[in-house]
Structure formats: C-alpha cells, structure tokens
Amino acid sequence: MTEPIELELLSNSQLEPRVHNSLLTYNPTIELFAGAAGSRALQIWRSNGQVVTKSSQRGEKDSVEALRWKADGQFLAVGWSDGVVRLMGLETNKAVHQMQICQAGKSRITCIGWARNNARTRQNATTSSTLAVEDLVPQDLLLDSKKTAVDLPRELTFLEVETALPKLSPLPASGSSGDDSFVFTTRASLEFLFQPFAAHDSDRVDVMIVGTDDGRVHVSIYDSFIIGTFQYGLPQSSGNNASLQLCHHASHSDLSTHMLAFGPSGEGKASAMYLVPMDLTFIHSSPENLSLLASKTTTLQKLLRYVKQVQMHMIHEWQSTRELPTRFLNSINETLRESGNYGDMNIGQAMYHSVVTGHTFPEVREWLVDQLAERGHKRWDKAVVSGLQALRGLVHENLIPALERIGIILSRLLGIARFHESKAETGFTSAQITRIMDIVSCLMLVGNKILLVVMEELELFQSFSIWLRNEIDKLASSSLTEELTEKEATMEHGKILAYIQLYMSSSPLRHYLDNVPAESSEKGRQQAEAGSSLLELLSKQLKKQDAGQSDESTFAQIEFLCGYLDDKADAIFEGIAEAEKRSVRFGQPTPIELEGNISKFDVVMSTVSDSDKSHALTYTALITEKEESNVYVFRTAMDVLNGISGLVTTRASCIVLGDGKVLDVKFLYDDNLLILWAARDQPLRFIRIPHQSDELGYQPYSPGGKITPHTLSNEQVTSVFLNMAVPCEPGFVPAQMEVKGASAERGKIPPRVCLLGSDSQTYKVFALPEDPFGKAIEK
C-alpha cells in the first residue's frame, strides 16, 4: 500500500443557516464561496466563514434554483424560482444584469453553465496578411527592434476611445424604481460595470448556458448578450419521446462545440442520461467581429439601462420642484375663486399686480402671512432650488456623458454595418444604426435645452424667492423698516415678473419632462416612422415652442425619446442574436444507460487538433446507487470540422474500487479524475485516476450494453493510483464535492477540493498538492 499524501486544510466553516439543496460553489479566483442560505436567500461568505452579503427576491418569496461563477470570478449567476437569472457583481449585492429565462410556475431553471472559449482560430492567431509596424516605420526610428510586431489593423479595431472620456457619475440612491434602481448608485459598481475592453478579451468569448426542466436551452455571451432559447428533444429516430432537462454543461476553451448532459425531466434520479453536442459555429466563423460586436453591444445595453435610470431621476426631480409649490398655489387659487370678488383672477395675476403696484389683495395677504409664512417659504425655496440643481447635475454629469459614449459605440457599429453591407452577416443595417444616432442627437439637443431652461429658471426663481420672503416679512410687520425698504430697492422686478408669468404656474420644462400618454407616444412613433428625420421633426417643434405657438407633439419629451431609443436598440440586439442563433445546432445524441439510478456524475471535454479539424473527446464519470464501489467512465469521441461536430463513437470502462464506497467524482483539468473514496477502516481518501490512459481498458459501448468491470482490491487501489488522505474528524460525512483549479489572477491560489458535509453546514476546503495538480496554474 502506497502511503497517502496528507492534504492541507485551508478552511473549515460552520455555515448558518444550512445550505439549501446542496447549492454551494467556490469562486475560482478569489477566496469566496456562495450558496443558498435556506431556500429563500443567497449568501456569500469569505473562506473563514464570515458573511459578505445576503440577498433575496420579492420579500423572500423566490428560492434559489442554480448557481455558477464566471470563469474569472467576476460575476455570480443565480437562477431564481421566478425564472430569472441574476448576475451578481463583486462590487455590489444587487443584480447588475437580469435575464428572463422562463415563466415562473410553468418551468424552472435546472442548470447554469458558464464557459470561456478562445475566439481566434489557430490559423488566425499564427498567420496574418497585415503589415507589422516594423514594415511601416524605418528601423532607426524604432526604440527597440526586438519588440513584438504589432498587428496595426487589429489594434485600431479594438482601440478604446471611451477611456479618454470623463467617467460616468453615480446616480442618487432614491428617486428611481425597477430592478436597476440601485445598480448605478456607487462609483465602485459603475467602474465594475463599465470596465474598458481589454485587448486580450478580444480573443475570448464567455458563453452562458441555462437549462430548464422543459428541455429548453438558453444561450448568451459576454455576460448579458442573449443569443436565444432553443427547445431540445431527442430525434424521432431514437424512438424516445421522453421530456428532458439540462443537468450539466461541459466545454473546452479551444472548441466551439459544447457538450450538454440531459436527463429525464423531474426531481427523481434516473438510470439514463444523454450527451448532446451543441455547435456554436458563430464563435468559430467570425472571431474578430464577434468579440468587437458583442463587447460594444453589451456596453450599449448597459448604457441604455443607465440612461433609462437617469430619465426616471430627471422626471422625479422635476416633479419634486412642482409638487409642493403647486399645492400652495392651488390652495390660494381656490380661496380667490371662493371669494367671488375677482372673477377669473388667479394667484399669478395677483402676484403680478403686487409686484407692479405694491398693493396686495386681502386674501393674498392672509395667505402669505398666515398660511405660507416663513416656514412655507423655506420649504418652497428648498424644493425648487434643490430639485433644479439636482436636475442640472443629472443632465450635465449623467445624461450627456452617457449619450456621448453611446454615440461613440454607435459609430463603431455603423462602421461594422457598412463594412459587411449584408444584414445576414451582422443582423443589422447601417440604416438602423443611423436611425438610432438620430434619436441620440435628439436627446443631446433636448438635454442641452433642459440645461438652458433650468439655468434660467434657477436665476429667475432666486429673484422671485427673495421678493416673496420680503413680501411676507413686510406684510407681517406693523411698520415698514429701513431694512425692508433697502431690500425692496435692490430687487430685480423684471426677473420677478418673468418668473411669475413664465415659470411659476407652468414651467417650460413641461415640454421635456412631462409623462407621455401611450396614445401620444404611439402617434409620435408613427410620425417618426413616416420617413422624416426625427431630428428635423424635433427642430420644427422647438421652433414653434420658442415662437410661443402651441404644439402637442411628443418629440421633445425625454420619456418618449428614451422609450423610442430602447425599442430601436432592441430591434438591433434581436437582429444580431437572430443572426448568431442561426449558427447554433445540436449534434448526434449519445445515450448512456446503466442498471441502477445515477447518483453522481461529472463531464469534461478535451481536444486534439490537427491542420484541418479537431478531435473532441468527452469523458463522463458516473456512479450509481446500486453499485457503490463502481466508477463508470465513458469516452465519447467526435471530429469537429469548421465548428460542426460529426459522428460520435463511445467507449466505456468500469472500475471496481475494492470494498470501499465511492461518494463523489469530479474532473480536474483535462487529465485528472478525482474520486472521493471511503474504504472500510481507512481514512477518507481522494483517488486520482488518469482517465485519458488506455490502460483503463476502454471497451466499445452500445446503449444498455454490459461493461466488463476491472476489479481492484483496496491495496491495489492505493498502490496503483495516487491517493490523498482527507484530514477530518471521524463523524464528518461528505455529501458533495467540488474541485477548483489553481489560479494566479488575484494572487496565487492552489488547486482546491471543497467538501460540504451531510449536515449541510460543515464546509471544508483542502489544497491539492502542487505536483501533479499545480502545473495547470500556468494555463
């Protein structure tokens, strides 16, 4: 018997509350782990068990269904029972992205997979027809002739102009609504969401796969760019019409073909599963365009969400400037009307009379002195000044900078559309982009008009507010003091009258910040779609407004423009997704059928490439409830040519590991199968099996066929295979195992194996030895 390697215990935590349904996962790059804290809440812990954050949905009515960290550890995907996958960023406990996967009550999320593919093909990466910088610049002007040649067209393609722009400012924490109401409220969350596109990211495509219990598969890339949803069922030729659900997802960074593991729908365990290749040929066929297009459109989606929140804040701030003054004015207008002494005169006309003549009507005097008074004036002044200043800041610091960034992204998309000329390739046309740029130009124009109006209203209101306070003090005083006389002499009566006449009862900001009825919005869209430029229609409306003419058009309303912008942008997103969706296909399914119900399994992909095609190998390790000592390993081979998978062949091996019980199986990298093994009267062990070795005796396999087992004694198990002892107390019984590879993204972290106890509270993390597992830290 070979002496086992003693593993190092990195952390030992007692989790409160208990982990629900074994939903617990460790971050691949940071010492954090996340899990379902009870059925209704998500909780994130540090490695020492300290709680970092806790969140729930809809007053703890929804439960957590699935969890998955992104490969770089930056996002956590959480599937909830309301059918929504929410992406949680490291900088905030609020969801930064949300994707509606299914309808609550009709189906549920069963699996989330998140993989990273290399977008650039080997041929693209090694050969290029472009000129290097050394071919363009004389050698004597180069600082270092040994430096790596620069692919100039590629560098220009991914040049980030946005980094030269001022950073976006956080939004107020109050005054908004919806799922994004807190996403953009901190500097940290903004910097996290709008990280500049790194050059090395152009070679990568992050793919998220989400499965539901009705056989649907949802595909998205680059965090939140949705490709589409696909309904999968077994081919009719299989003679099996059973409903399936996605149970697992596996991929390899150099293969655009992913492997999906389906099982029968329902909560119970089954003795059969199906391996189905999913070819994402758009990753293989357009690597450069895909990374540029997806990164820009994903950033555009986030900016549109940001602008939508800015719009809601702007309308809220404007309404707050009108709400309190309107209540004051309505009160005195009702008093004047009830007196019956002044006909149709309102408070505006009464105040105008007071400014011009110095005479104040008795009802107005009583209102100013007894009802409004000093306290009411202060509230009026604060509501208007703070609201207008906040509105000015929202336009200047939030709206216009976001629109500038949107304009830059649209110019890049316009270049892509003109370069390809065909909508079939990209999913959108230059005419569509031009239309959106027209809407953005309208928003910029309206934003600047709002700034001008706000600045003028602030200036006029300050003069009016000084007069109003002086009027209250003068009317409340029994005699006119010298101080009041001096104040009245310095007042700018022209500005006071202008405010009373133009702003007090009805601000010009109503032309831009009013709520737009649905029928008016639809009428405006029909006019905009009639062929005329929206900017031209807006300019005509603004000219009429400046001339004092009535115009009920909605082209100047922020709410209309933002809604119209969202609709036009959604059409482009849907077109891009549809173009990529046509490049998704499902390959030949491979049934795996065993005598007993499958209790644990894992799937991993590896590849061997030659000049014209890739050979994809999928390994599936399973254990059953009936045969506790047996480990089944299936090797599925297929050729992948131009991103399309071909015929599939399957071989299988069965190993009987003595009289011990196999508790769990997990793959680590391409060449390690880790088995959690408990032999009688022996410590708990990890057994490492080199599953790629032909010495495992792989046999041809047909569904339901017998697999001749290779039986080993306990001594043979510990002498043939590398084995590692798990240092733990005698009463600890593992219920679930998770393995994570080594990482150097945020400091060197060794490969880890994580065990959740059967009590759903004890959580142990062990470091695997550097040799042989640490070598992959360089990958």
Side-chain angles (χ1 to χ4, degrees), residues 5-38 41-56 64 66-78 87-94 112 114 188 192 663-664 666-669 672 674 676 684 686 724-729 731-770 773-779:
I5 299 172
E6 188 80 13
L7 295 183
E8 176 190 357
L9 179 64
L10 294 179
S11 65
N12 184 12
S13 307
Q14 286 295 123
L15 307 181
E16 289 289 348
R18 295 177 186 271
V19 175
H20 173 67
N21 206 23
S22 298
L23 288 170
L24 189 69
T25 180
Y26 208 93
N27 189 294
T29 62
I30 309 172
E31 293 184 347
L32 295 174
F33 55 93
L42 170 75
Q43 199 157 289
I44 299 177
W45 297 267
R46 301 189 194 277
S47 59
N48 60 6
Q50 177 188 359
V51 176
V52 177
T53 184
K54 183 177 181 179
S55 62
S56 59
V64 180
L67 295 171
R68 180 70 63 183
W69 288 102
K70 189 179 177 182
D72 60 6
Q74 292 292 306
F75 287 104
L76 173 67
V78 186
L87 306 189
M88 316 295 293
L90 290 179
E91 305 298 332
T92 175
N93 64 346
K94 302 298 180 182
I112 300 177
W114 214 338
F192 180 75
L663 302 177
D664 210 339
K666 284 290 184 291
F667 291 102
L668 178 61
Y669 310 129
N672 297 289
L674 289 183
L676 183 58
L684 194 64
F686 292 117
M724 296 155 282
V726 181
C728 59
E729 54 275 14
F732 176 70
V733 179
Q736 176 178 288
M737 174 173 71
E738 183 182 29
V739 295
K740 293 294 180 182
S743 173
E745 289 198 22
R746 297 194 176 190
K748 187 176 180 180
I749 300 178
R752 294 139 292 163
V753 59
C754 314
L755 298 180
L756 176 65
S758 58
D759 60 357
S760 297
Q761 284 187 297
T762 306
Y763 189 59
K764 297 178 181 290
V765 180
F766 300 93
L768 292 172
E770 292 289 324
F773 303 104
K775 62 183 180 181
I777 198 168
E778 301 174 357
K779 293 186 179 181

Can you measure from CD (Glu729) to NZ (Lys764) and round to the nearest 0.5 angstrom?
-> 3.5 Å
Val765 and Ser47, any side-chain heavy atoms less than 4.5 Å apart | no
Donor-acceptor pair between Thr53 and Gln43 side chains, under 3.5 angstrom = no
Sole residue of Ile44, Leu32, Asp72 in side chain to side chain contact (heavy atoms under 4.5 Å, CB included) with Asn27 = Leu32
Any idea how Tyr763 and Phe33 line up, ring-wise: parallel (<30°), tilted (30 to 60°), or perpendicular (>60°)?
-> tilted
State, to 0.1 Å, how close Ala735 and Ser758 come at their nearest heavy-atom pair, and which atoms those are.
-> CB-CA, 3.7 Å
Considering non-hydrogen atoms only, spot the tightest contact between Pro751 and Pro769 and give its length.
-> CG-O, 4.4 Å
Arg68 side-chain N/O to Ile112 backbone N/O, donor-acceptor pair under 3.5 Å = yes
Among Leu10, Val726, Asn12, which one satisfies side chain to side chain contact (heavy atoms under 4.5 Å, CB included) with Phe766?
-> Val726
Decide yes or no for Lys70 and Leu87: does some side-chain heavy atom of the first lie under 4.5 Å from some side-chain heavy atom of the second?
-> no
Leu668 vs Phe686, side-chain contact (heavy atoms from CB on, under 4.5 Å): CA-CA, chis, key distance, verdict | CA-CA 12 Å; Leu668 178 61; Phe686 292 117; over 6 Å; no
Rounded to the nearest 0.5 Å, what separation is found between the OH atom of Tyr26 and the CG atom of Leu756?
-> 14.0 Å
Between Phe75 and Gly89, what is the shortest heavy-atom contact and its length?
-> CD2-CA, 4.0 Å
Any Thr29 side-chain heavy atom under 4.5 Å of Ile749 side chain = no
Hey, does Leu24 have a side-chain heavy atom less than 4.5 Å from the side chain of Trp45?
-> yes
Please examine the side chains of Leu42 and Leu67, heavy atoms only from C-beta on, and report whether any two atoms are closer than 4.5 Å.
-> yes
Do Lys740 and Thr25 have side-chain heavy atoms sitting under 4.5 Å apart?
-> yes
If every non-hydrogen atom of Lys666 is compared with every non-hydrogen atom of Met737, which pair is closest and at what distance?
-> CE-O, 3.2 Å
Do the side chain of Asn21 and the main chain of Leu23 share a donor and acceptor less than 3.5 angstrom apart?
-> no
When every non-hydrogen atom of Ala725 is compared with those of Glu6, the smallest separation belongs to CB-OE1, 3.9 Å
Backbone of Asp759 reached by a side-chain donor or acceptor of Arg18 within 3.5 Å | yes
Any side-chain heavy atom of Leu676 within less than 4.5 Å of one from Leu755?
-> yes
State plainly whether the residues Glu31 and Arg752 are in salt-bridge range, i.e. N to O under 4.0 Å.
-> no
Gly38 to His20 - nearest heavy-atom pair and separation | O-CB, 3.1 Å
Is the closest side-chain heavy-atom distance between Pro727 and Leu7 below 4.5 Å?
-> yes
